[in-house]
> 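Below is one structure. I have some questions about it.
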Amino acid sequence: MNSGSAWLILFIAGLCEVGWAVGLKYTEGFSRLWPSAATLAAMTASVVLLGWSLKVLPLGTAYAVWTGIGAVGTAILGMFLFGESRELLRFVCIGLIVAGIVGLKLVTPEGL
């Protein structure tokens with residue numbers, strides 16, 4: 001696997017992270033079968049894909065990017081799906097997380 005593939009796999013893992021985080025809201029405490037099954041599948045896919053990306057990428061960078069994608073995606077979907085706060089300061093904070101993700105990719109030798 002080359003670094004480009006590892007970054008793509010990590011990005012998809014981050015999207016799966018968003019999927020399971022949002023999915024938790026729909027499981028109602030894992031009491032609903034299909035939302036629970038989909039959430040568990042997204043959890044599994046997210047961790048497996050993260051593990052694959054770690055064959056090439058440094059642990060600290062990959063984990064930070066993975067959780068950052070999850071945090072940003074979940075915060076944005078929370079606003080649109082669940083009516084969570086859309087205050088300007090919240091968007092500024094999300095922007096800082098995105099800046100951190102981009103920065104980590106740029107300073108990682110495998111990211112260049």
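Quick caveat: nothing in here was measured; it's all calculated off a predicted structure.
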> With the 4.5 Å side-chain cut-off for hydrophobic clustering, are Val22 and Met43 part of the same group?
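No; tracing contacts between hydrophobic side chains, which count when under 4.5 Å, never links both residues.
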
> Tell me, please, which residues at least two apart from Ser31 pass side-chain hydrogen bond (donor to acceptor under 3.5 Å, both in side chains).
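In terms of side-chain hydrogen bond (donor to acceptor under 3.5 Å, both in side chains), with neighbours along the sequence ignored, Ser31 is linked to no residue.
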
> How far apart are the closest heavy atoms of Val98 and Val72, and which atoms are they?
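Shortest heavy-atom separation between Val98 and Val72 comes out as CG2-CG2, 3.9 Å.
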
> Evaluate the side-chain proximity of Ser5 to Asn2: yes if any heavy-atom separation is below 4.5 Å, no if none is.
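Yes, their side chains come closer than 4.5 Å.
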
> Should Ile97 and Leu106 be regarded as members of a common hydrophobic cluster, given that ILVMFWY residues are connected when their side-chain heavy atoms come within less than 4.5 Å of each other, either directly or indirectly?
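Same cluster: Ile97 reaches Leu106 through Ile, Leu, Val, Met, Phe, Trp or Tyr contacts under 4.5 Å.
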
> Hey, what do you get for OG (Ser3) to CG (Leu10), rounding to the nearest 0.5 Å?
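Interatomic distance, Ser3 OG to Leu10 CG, rounded to 0.5 Å: 12.0 Å.
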
> Out of curiosity, does Phe11 fall in the hydrophobic cluster containing Leu77 (side-chain heavy atoms, cut-off under 4.5 Å, transitive links)?
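No, no single cluster joins them.
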
> Considering all heavy atoms of both residues, which atom of Ile69 and which atom of Val18 are nearest to each other, and what is their separation?
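So the minimum-distance heavy-atom pair works out to O-CG2, 3.5 Å.
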
> Can you tell me which residue among Phe82, Trp20, Trp34 is in a ring pair (Phe, Tyr, Trp, His ring centres under 6.0 Å) with Tyr26?
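The option that passes is Phe82.
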
> Is the backbone N or O of Ala42 less than 3.5 Å from a side-chain atom of Ser46, with the two atoms forming a donor-acceptor pair by type?
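Not a single qualifying donor-acceptor pair exists.
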
> Drop me the distance from Leu40's CG to Thr27's OG1, to the nearest 0.5 angstrom.
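These two atoms lie 8.5 Å from each other.
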
> Quick one: CD1 on Ile9 to CH2 on Trp66, what's the gap to the nearest 0.5 Å?
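Rounded to the nearest 0.5 Å, the CD1-CH2 separation comes to 15.0 Å.
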
> Does anything in residues 75-101 pair up under salt bridge (Lys or Arg N to Asp or Glu O under 4.0 Å), and if so which pairs, sequence neighbours excluded?
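Listed once each, the pairs are Glu84-Arg90.
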
> I'd like to know whether Lys25 forms a side chain to side chain contact (heavy atoms under 4.5 Å, CB included) with Leu81, so could you lay out the CA-CA distance, the side-chain angles of the two residues, the decisive distance to 0.1 Å, and finally the verdict.
CA-CA 10 Å; Lys25 185 78 168 173; Leu81 296 175; over 6 Å; no

> Where do Gly68 and Ile101 come nearest, in terms of heavy atoms and distance?
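Between these two residues, the closest heavy atoms are C-CD1, 3.4 Å.
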
> For residues 49-63, dump all side-chain donor-acceptor pairs below 3.5 Å to protein atoms at least two apart in sequence or in another chain.
| unit_1 | atom_1 | unit_2 | atom_2 | d |
| --- | --- | --- | --- | --- |
| Ser53 | OG | Leu50 | O | 2.8 |
| Thr61 | OG1 | Thr108 | OG1 | 3.4 |

> Side chains of Ile94 and Met79, heavy atoms from C-beta outward: is any pair under 4.5 Å?
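Touching, per the 4.5 Å side-chain cut-off.
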
> Find the distance between CD (Glu17) and CD1 (Ile12) and round it off to the nearest 0.5 Å.
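Those atoms lie 14.5 Å apart.
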
> Under 3.5 Å, side chain of Thr67 to main-chain N/O of Ala64, donor-acceptor pair present?
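Yes; judged by distance alone, with no hydrogens or angles, the pair exists.
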
